[in-house]
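Have a look at the structure below before the remarks.
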Protein chains: 2
Amino acid sequence: MTVSKTASAAAAKPSRAVRKEPAEGSVDDAALQLGELSELLGYSLKRAQLRVFEDFLRCVAPLQLTPAQFSVLLLLDRNPGRNQTEIASTLGILRPNFVAMLDGLESRDLCTRIRSTNDRRSHILMLTDKGRAVLARAKKLVATKHEARLNELLGPANRAALLDMLATIAREF
Amino acid sequence: MTVSKTASAAAAKPSRAVRKEPAEGSVDDAALQLGELSELLGYSLKRAQLRVFEDFLRCVAPLQLTPAQFSVLLLLDRNPGRNQTEIASTLGILRPNFVAMLDGLESRDLCTRIRSTNDRRSHILMLTDKGRAVLARAKKLVATKHEARLNELLGPANRAALLDMLATIAREF
DNA sequence: TGATAATTGTTATGCACTATACCGAATATC
DNA sequence: GATATTCGGTATAGTGCATAACAATTATCA
């Protein structure tokens, strides 16, 4: 597997006078130096994540879905017959916080809570027809606008490598 | 540049019956299917970011520094003589929110606000001696415990490639 | 069986982070 | 010199995230 360089390979050289040569008159208004910050994985990780979420919101704006809501719809589609605790926990959402989230989706008629007959404590979650339709449209927007842009920026091979490493971190770190 | 596989390369095969073969007695308690979620870059991005921040906090716990506070100290060290607006904006922090953050650091005697003589509106930010000492210890902890673990998990080459791609996204996406 | 423990969805609540509007003081602009 | 802009700061609201507690229901087990 090969990764083509997406940009200049890290720091090219130590390089003395990094400060942009002062434009006449300006005493000291060069760009700040990130220093070790650019080597901090967590820093780049967070900034990249914010950008990606921001773009996701833009791309799927016509459907008014947040990344979290989209992930819930995806999970409900792939895993019918599950209850709130199961869906919430696999997404890393705490049950108390999942209630309001489901209220929102249910009030928009995207999914339904159904009291289970086996265990009358739990609510089985199901996508409505509208929920399936919205999910389908969302998937298309995400694939053709959002992920396509990332593919264009990184290249398919790099994107796959990136995804693999992120999954590794999320799983084993 | 080469990326060695950190884990099984994405989805090996479509594979029919994905559901774990039901253990006797259990009706339906297999692990949920993530489905397209595992192909969503934003999803893995956020989960990885949460893990990395979590580990950062653990590693630097003896110094009681959050990732954001650490990034501020780093920036102050590399860019002496800057004011609050400059430091905050390069970190993506809004000025109003930066006030309380600086209050915290200043009350712990890690940095100081100094009224500028050139422009008496602005506060020049400086690390105190204690701030420099804490930063030095934090850097050591981050390098030897936090980043070292990531290096071990991914390998130096992969880690560099990951960092490069994240920086590319943060810069050009 | 019946008493006790555990689970499910839910409410209430608090903390951290983020975002906007606004203010007085100081400076810049023209 | 009048107006606009910038700086640090306050107030405030929204959101994400975490914990405790509760009623209803189910599981456990003496």
Side-chain angles (χ1 to χ4, degrees), chain A residues 25-29 42-43 45-47 49-51 53-54 56-57 64-72 76 81-107 111-126, chain B residues 25-29 42-43 45-47 49-51 53-54 56-57 64-72 76 81-107 111-126:
Chain A
S26 75
V27 180
D28 201 1
D29 59 344
Y43 179 73
L45 208 40
K46 179 160 188 198
R47 301 224 91 167
Q49 186 259 321
L50 288 175
R51 292 269 179 130
F53 268 46
E54 194 181 327
F56 182 99
L57 283 173
Q64 284 287 87
L65 284 181
T66 67
Q69 289 172 326
F70 179 69
S71 69
V72 169
L76 294 190
R82 300 296 188 151
N83 63 26
Q84 299 185 194
T85 298
E86 290 171 315
I87 299 293
S89 78
T90 73
L91 287 177
I93 303 175
L94 293 175
R95 274 81 51 155
N97 300 329
F98 195 49
V99 175
M101 189 166 178
L102 269 186
D103 289 346
L105 294 175
E106 203 173 15
S107 73
C111 71
T112 325
R113 293 183 239 225
I114 303 177
R115 180 141 265 121
S116 168
T117 54
N118 303 335
D119 185 341
R120 283 169 39 207
R121 288 171 299 183
S122 60
H123 289 169
I124 297 306
L125 298 180
M126 286 194 51
Chain B
S26 74
V27 180
D28 200 2
D29 59 344
Y43 179 72
L45 209 40
K46 180 162 188 196
R47 301 223 93 167
Q49 186 259 321
L50 289 175
R51 291 268 179 132
F53 268 45
E54 193 182 328
F56 182 99
L57 283 173
Q64 284 286 86
L65 284 181
T66 67
Q69 290 172 325
F70 180 68
S71 69
V72 169
L76 294 189
R82 300 297 189 151
N83 63 27
Q84 298 185 197
T85 298
E86 292 171 313
I87 299 294
S89 77
T90 73
L91 287 177
I93 304 176
L94 293 173
R95 276 80 48 142
N97 300 331
F98 194 50
V99 174
M101 189 165 178
L102 269 187
D103 289 347
L105 293 176
E106 203 174 13
S107 73
C111 70
T112 325
R113 293 182 239 227
I114 304 177
R115 182 141 263 123
S116 168
T117 54
N118 304 334
D119 185 341
R120 283 167 41 206
R121 288 171 299 184
S122 60
H123 290 169
I124 298 306
L125 298 180
M126 287 194 50

With DNA chain D as reference, determine whether B:P96 or A:P96 sits nearer its 5' end, using the nearest nucleotide of each.
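Its nearest nucleotide lies further toward 5', so the answer is B:P96.
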
**Request:** Starting from the 5' end of DNA chain D, give me the residue, A:T117 or A:I93, whose nearest nucleotide shows up first.
**Result:**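 Here A:I93 is the residue nearer the 5' end.
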
- Task: May I ask you to test the A:L91-A:V72 pair for a side-chain heavy-atom distance under 4.5 Å?
- Result: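 Side-chain contact under 4.5 Å: yes.
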
query = Does B:L45 reach the side chain of A:Q49, with side-chain heavy atoms less than 4.5 Å apart?
reply =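 SC-SC contact between B:L45 and A:Q49 confirmed.
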
Could you tell me the separation between the [atom1] atom of [X] and the [atom2] atom of [N], rounded to a whole number of Å?
X: A:F98; N: D:dT15; atom1: CZ; atom2: P; result: 18 Å
X: B:R51; N: D:dC17; atom1: CZ; atom2: C1'; result: 17 Å
X: B:H123; N: C:dA25; atom1: NE2; atom2: C1'; result: 10 Å
X: A:F53; N: C:dC17; atom1: CZ; atom2: C1'; result: 15 Å
X: B:E106; N: D:dG9; atom1: CD; atom2: C1'; result: 13 Å
X: A:L102; N: C:dT11; atom1: CG; atom2: C1'; result: 15 Å
X: A:N97; N: D:dT19; atom1: CG; atom2: P; result: 10 Å
X: A:L94; N: C:dA12; atom1: CG; atom2: P; result: 18 Å

Checklist entry - Between C:dA19, D:dG8, C:dT10, which one does the side chain of A:V99 approach most closely? => result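 The nucleotide sitting nearest to the side chain is C:dT10.
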
Fill in: base_contact_polar (D:dT6 base, B:R121 side chain, donor-acceptor, <3.5 Å)
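Indeed there is one.
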
Notebook entry, point to check: Between B:G92 and B:D119, who's closer to the 5' end of DNA chain C by nearest nucleotide?
Noted result: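 Upstream on the strand: B:G92.
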
Does a side-chain N or O from [X] land closer than 4.0 Å to OP1 or OP2 of [N], or not?
X: A:K46; N: C:dT18; value: yes
X: B:S122; N: C:dA26; value: no
X: A:R120; N: D:dA23; value: no

How far apart are the closest heavy atoms of [X] and [Y], and which atoms are they?
X: A:M101; Y: A:I93; answer: SD-CD1, 4.0 Å
X: A:H123; Y: A:R115; answer: NE2-NH2, 2.9 Å
X: A:F70; Y: A:L65; answer: CD1-CD1, 4.5 Å

Next item on the list: For B:R95, answer base if it contacts any base atom (sugar-phosphate contacts may also be present), sugar-phosphate if it contacts only those atoms, and nothing otherwise; contact means non-hydrogen atoms under 4.0 Å.
Entry: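 The residue B:R95 makes no contact with any strand.
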
